[in-house]
There are 2 protein chains.
Amino acid sequence: MADNDCRENLITASIPLFAAKGLNGVSVREVAGAAGVNLSMISYYFGGKEGLYAAVLREQFAVLEKLDELEQMDIDTLQKFEWYVRATISRYRKSPYLLRFYTSELTNPTVCFEAIVKPAIKKVVQMLLETFTDGLSHERFREGLNPADTVLALAGMINFYFLLEPATAELVDHAPQRDEELIRHIMDIFTRGILK
Amino acid sequence: MADNDCRENLITASIPLFAAKGLNGVSVREVAGAAGVNLSMISYYFGGKEGLYAAVLREQFAVLEKLDELEQMDIDTLQKFEWYVRATISRYRKSPYLLRFYTSELTNPTVCFEAIVKPAIKKVVQMLLETFTDGLSHERFREGLNPADTVLALAGMINFYFLLEPATAELVDHAPQRDEELIRHIMDIFTRGILK
DNA sequence: GGCTGCAATACAAACGTTTGATTGAGTTTA
DNA sequence: TAAACTCAATCAAACGTTTGTATTGCAGCC
């Protein structure tokens, strides 16, 4: 093996393992075997198993950076929400393990939760809250809406759909071909739900 | 220790442990210590650690049985949905670890997933789908609604609100005092979203 | 009643295995 | 030659399980 293949191989190979079984469910021997790399390389490059896991998590959550764009976009509030829905869904398609790391850390937090996961989630929620508040000033929304409940409802419709897939695959069609229909469906409910 | 205290103590003590750290994150010594019971009692009563975990899961998911009532209720469809929302939220309040076991199994499935968790989830979704189909026949809903997307949207609004609490506690008020407001809020969005 | 035998409950100690981590010497590659 | 990497061996600690023993309560029998 040449160059820095080792480091990359370890990260690539451990993503599906950590995603499926969690930090405690995977042994260093298993990871090293899947990466086709010697066990000692984990300590060599990452200082240990937790270091590798943290590197994986950092890489997975790096894709969230794109969300910053939304603030500068010159479109109306509902279009911003639709952009968020579409971006989130396409992110889950391109990075099929991301939601697993999200929910795994939310339910069984590791050392990485406070440092990596929580700030990432707060950032997204905060961004959605600002978008909503912006929309309020244009008075397009009906009165009595709680900002937090509203944006969490939108986020919940998207995320729960993907979270439930392992249990409802036989009941619900989760095919990517339906994503545009799903986006339209979610935005329909949300729009009718919050507009005057 | 007298009678069958051991067995009960083990289950009671292991619920918060398994919920917080998952099956692999908790050792039998930790569980036995928390239960104030000898380590070997786990194998004695449950045949091993996995058996104890399965017993805990079965107990946690037993509360879902109540949902059967909904089918026989003589109220209109939207009231049924509201009953479901209220029942789900009050269940999460009374059984604060239930959602953890849900999502933990969805993201990092153990041997219990296929036997216990998946059937429980399918049952709920199926029940919601039937409720929705019932409502359709009375033509109260607008056209173009996808049944699965619709009921998952409703379930998502509820569940995601609780799932996100560890990350958004500083941003969103998750106090039980707000539950009725939350129910009204979710039902408002959902009702406006699906009615003609 | 008094005794015996048994099954259930509980405990402490030890078992063999796997864990994550480290080491040091050797091999490859640029 | 220096850096990247392999390989096998080794370590202490933690793991889940099993073993052997002590205690208890109760049924059956004399």
Side-chain angles (χ1 to χ4, degrees), chain A residues 1-59 101 104-105 108-113 115-116, chain B residues 1-59 101 104-105 108-113 115-116:
Chain A
M1 210 153 280
D3 276 349
N4 265 8
D5 284 353
C6 231
R7 192 177 197 286
E8 231 185 85
N9 281 5
L10 277 170
I11 290 194
T12 308
S14 62
I15 289 176
L17 292 175
F18 281 139
K21 313 200 240 182
L23 173 59
N24 289 318
V26 186
S27 75
V28 286
R29 285 171 176 80
E30 195 178 353
V31 173
V37 147
N38 191 266
L39 188 164
S40 53
M41 290 297 98
I42 295 173
S43 290
Y44 180 73
Y45 279 111
F46 304 98
K49 189 170 115 165
E50 285 195 351
L52 170 60
Y53 181 76
V56 166
L57 234 63
R58 261 190 296 270
E59 205 205 70
F101 287 109
S104 177
E105 284 288 328
N108 305 132
T110 70
V111 279
C112 299
F113 180 72
I116 304 180
Chain B
M1 208 152 281
D3 277 349
N4 266 6
D5 284 356
C6 240
R7 190 178 200 286
E8 228 185 85
N9 281 5
L10 277 171
I11 289 194
T12 309
S14 62
I15 289 176
L17 292 176
F18 281 138
K21 312 199 240 182
L23 173 58
N24 289 318
V26 187
S27 75
V28 285
R29 275 161 246 272
E30 195 178 354
V31 173
V37 147
N38 189 272
L39 183 166
S40 55
M41 290 297 97
I42 295 172
S43 291
Y44 179 72
Y45 280 110
F46 305 98
K49 189 172 123 172
E50 285 195 351
L52 170 60
Y53 180 76
V56 166
L57 234 61
R58 262 190 297 271
E59 207 205 70
F101 286 110
S104 179
E105 284 288 329
N108 304 131
T110 70
V111 279
C112 300
F113 180 72
I116 305 178

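Residue numbering restarts at 1 for every chain, and letters A, B, ... go by the order of the sequence lines.
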**Asked** How many Å lie between CE on Met41(B) and C1' on dA22(D), as a whole number?
**Response** 12 Å
**Message:** Nearest 0.5 angstrom please: Leu57(A) CG to Ile11(A) CD1, how far?
**Reply:** 11.0 Å
**Request:** First locate atom CZ of Arg7(B), then atom CZ of Phe46(B), and finally report the distance between them rounded to the nearest 0.5 Å.
**Result:** 4.5 Å
**Request:** To the nearest Å, give me how far apart CD1 (Ile42(B)) and P (dT17(D)) are.
**Result:** 8 Å
**Asked** To the nearest angstrom, how far is Arg29(A) atom CZ from dT18(C) atom P?
**Response** 10 Å
**Asked** Does the side chain of Ser43(A) get closer than 4.0 angstrom to OP1 or OP2 of dT22(C) through an N or O atom?
**Response** yes
**Item:** d(CG, Leu10(B); C1', dA10(C)) in whole Å
**Value:** 11 Å
**Asked** Expressed in angstrom and rounded to an integer, what is the separation of Phe18(A) atom CZ from dG20(C) atom P?
**Response** 9 Å
**Fill in**
So side-chain hydrogen bond (donor to acceptor under 3.5 Å, both in side chains) across residues 11-20 of chain B, not counting sequence neighbours, yields none
**Nucleotide dA21(C), atom P - distance to CZ of Phe46(A) in whole Å** = 13 Å
**Asked** Which salt bridge (charged side-chain N to carboxylate O under 4.0 Å, His left out) pairs, counting each pair once, include a residue from residues 33-49 of chain A, with sequence neighbours left out?
**Response** none
**Message:** Does dA10(C) have OP1 or OP2 under 4.0 Å away from a side-chain N or O of Tyr44(B)?
**Reply:** no
**Asked** For the pair made of CG in Asp5(B) and P in dC11(C), what is the distance, rounded to whole Å?
**Response** 10 Å
**Item:** Qualifying residues under ring pair (Phe, Tyr, Trp, His ring centres under 6.0 Å), relative to Tyr53(A), sequence neighbours excluded
**Value:** Phe18(A)
**Item:** Pairs touching residues 22-42 of chain A that satisfy ring pair (Phe, Tyr, Trp, His ring centres under 6.0 Å), sequence neighbours left out
**Value:** none
**Request:** Can you run down the salt bridge (charged side-chain N to carboxylate O under 4.0 Å, His left out) pairs that involve residues 31-44 of chain A, sequence neighbours left out, and say none if there aren't any?
**Result:** none
**Asked** Listed in order of residue number, which residues of residues 48-55 of chain A have a non-hydrogen atom at under 4.0 Å from DNA chain C?
**Response** Gly48(A), Lys49(A)
**Message:** Can you measure Leu39(B) atom CG to dA12(C) atom C1' for me and round it to whole angstrom units?
**Reply:** 10 Å
Can you give me every donor-acceptor pair (side chain of residues 28-42 of chain A, partner residue at least two apart or in another chain, under 3.5 Å) with its distance?
| unit_1 | atom_1 | unit_2 | atom_2 | d |
| --- | --- | --- | --- | --- |
| Glu30(A) | OE2 | Lys21(A) | NZ | 2.5 |
| Asn38(A) | OD1 | Ser40(A) | N | 3.0 |
| Asn38(A) | OD1 | Ser40(A) | OG | 2.7 |

**Item:** Partners meeting ring pair (Phe, Tyr, Trp, His ring centres under 6.0 Å) with Phe101(A) (sequence neighbours left out)
**Value:** none
**Asked** Has the side chain of Asn38(B) got a donor or acceptor that lies under 3.5 Å from a partner of the other kind on the base of dA10(C)?
**Response** no
**Message:** Give the residues of residues 19-28 of chain A touching DNA chain C, defined as any heavy atom closer than 4.0 Å, sorted by residue number.
**Reply:** Val26(A), Ser27(A), Val28(A)
